[in-house]
Amino acid sequence: MSTSANEFERLAEEFLLVLENERNASEHTVRAYRREVMNFTEYLNKPLSKEAKIEEVEHLNIRAYLGSLYGRGLTKASAARALAAVRSWFRWMAKEHKIAKNPAVLVSTPKLPQHLPRVPSMEEVNGLLDAMEAGIDKKDEAAAWPERDRMIFELLYGCGIRNSELVGINMADIQWKNDAILVRGKGRKQRYVPLGDEAAMAMRAYLPLREERLHEASKDVLVVDGPLVTNLRMRGSCRLTTRSVGRIVKRIALARGLASDVHPHTLRHAFGTHMLEEGADLRAIQEMLGHERLSTTQRYTHMTAGQVQRVYDETHPRAR
């Protein structure tokens, strides 16, 4: 931090250090919060001044900042994310008694439209996975590394894990005896997720080929300790990136006739929704998905219109 930094920037840096070191926020979260909070501190230098004190910031300044974001063409969702970061900063300053009152509490969150993600049906997902398994022997052109790519789909759908959690799995995280995998979620929180039979079979089909490629690349040390999901040419650390997983999922899904908006998180949505449809307890799904709040799980595991109609037809006395 520059010695010429004003009070806004100094307090922002203090907050970001706490976020990173004490709250164990992920690198992605810290980077996003830094961008939003620093953009706000820069904005404050115009209506106030570089010599102004944090106590001079009012809720009107925050509302005006949101207005400036809309003026730049940002969506309500983007503005809401910016406000969330600013709110967290002011909440921390109030807790640490760096400000007497928190002006951010007087600023309402932009109302966002409730978009329910389109979730592929059980038949669609099972059909895709069965086709991938059959395609391994046929040298499926949609998959660059059929065994690895099938495992990616089986883990995303079979375990309900996030894209970042998938690529973060190391060989030592696989608990074969317990049929479980240790994954690292948001905020570096760890949890175990069940390793289903199909995912385990896909993994066992992939691992010998992974080991063979690593030996050819003279990276024997990574066979035991390295990442589970590796890139095709074993470059660098060999760990596949989240961006690459996104491309793999979209390419294969499109080749198998699924919607163009399918991405890794779609399979996580499908995991929760399909388990709920089959009668799984909502809190059990919450635990497996790694959600802190049950309300988050309820958004992921929305009931489809067909399911609602079926429940009505089967249970309401005037429906029969």
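Keep in mind that what you see is a predicted model, and the values were worked out from it rather than measured.
Between His265 and His269, the ring-plane angle classifies as perpendicular under the 30° and 60° cut-offs. Ring geometry for Phe15 against Trp92 counts as tilted: the plane angle lies between 30° and 60°, on a 0 to 90° scale.
A salt bridge links Glu7 with Arg10: the distance from a Lys NZ or Arg NE/NH1/NH2 to an Asp or Glu carboxylate oxygen falls below 4.0 Å. Note on Arg91 versus Glu96: no salt bridge recorded, every NZ/NE/NH1/NH2 to OD/OE distance being 4.0 Å or above. For the pair Glu198 and Arg150, the salt-bridge criterion is met [side-chain N within less than 4.0 Å of a carboxylate O].
Aromatic rings of Tyr65 and Tyr43 (six-membered ring for Trp) have centroids within the 6.0 Å cut-off, being under it. Proximity of the aromatic rings of Trp145 and Tyr206 is defined here by a centroid distance below 6.0 angstrom, and this criterion is met.
Residue Arg31 qualifies as enclosed at atom CZ: its count of foreign heavy atoms under 6.0 Å is above 12.
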Donor-acceptor contacts, no H, no angles, side chain residues 52-60, under 3.5 Å, sequence neighbours left out:
residue: Glu55; atom: OE2; partner: Ala100; partner atom: N; Å: 2.7
residue: Glu56; atom: OE2; partner: Lys53; partner atom: N; Å: 3.0

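In this structure, Val262 and Val249 approach most closely via the heavy-atom pair CG1-CG1, 4.0 Å. Minimum heavy-atom separation, His291 to Arg268: NE2-NH2, 3.2 Å. Looking at every heavy atom in both residues, Met234 comes nearest to Arg210 through CE-O, 4.1 Å.
When the side chains of ILVMFWY residues are joined at heavy-atom separations under 4.5 Å, either directly or via intervening members, Met38 and Leu17 end up in two distinct hydrophobic clusters.
Donor-acceptor pairing under 3.5 Å is lacking for the side chains of Thr242 and Arg162. Defined by atom type and a distance below 3.5 Å, a donor-acceptor pair is missing between the side-chain atoms of Arg148 and Asn231.
Checked by atom type and distance alone, the side chain of Ser78 never pairs as donor or acceptor with a backbone atom of Leu74 at under 3.5 Å. When atom types are taken as modelled, the side chain of Lys98 and the backbone of Leu11 share no donor-acceptor pair closer than 3.5 angstrom. Under a 3.5 Å cut-off, the side chain of Thr273 and the backbone N or O of Ala270 do not form any donor-acceptor pair.
Applying the side chain to side chain contact (heavy atoms under 4.5 Å, CB included) criterion to Val105, with sequence neighbours excluded, gives Asn102.
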### Message
Go through it in stages, so that I can follow the logic: the residues are Thr109 and Arg87, the test is side chain to side chain donor-acceptor pair (under 3.5 Å), and I'd like the CA-CA distance, side-chain angles, deciding distance and then a yes or no.
### Response
CA-CA 10 Å; Thr109 302; Arg87 273 181 172 163; 2.6 Å; yes
### Task
With side chain to side chain donor-acceptor pair (under 3.5 Å) as the test, would you mind laying out the steps for Arg239 and Asn170 before giving the verdict?
CA-CA 9 Å; Arg239 193 179 301 276; Asn170 294 319; 2.7 Å; yes
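A salt bridge (charged side-chain N to carboxylate O under 4.0 Å, His left out) with Glu292 is found for one member of Lys186, Lys189, Arg191 and no other, namely Lys189.
For the atom pair CD (Glu9) and CG (Leu16), the distance works out to 11.5 Å, reported to the nearest 0.5 Å. Interatomic distance, CZ of Arg283 versus CG of Leu294, reported as 4.5 Å (0.5 Å rounding).
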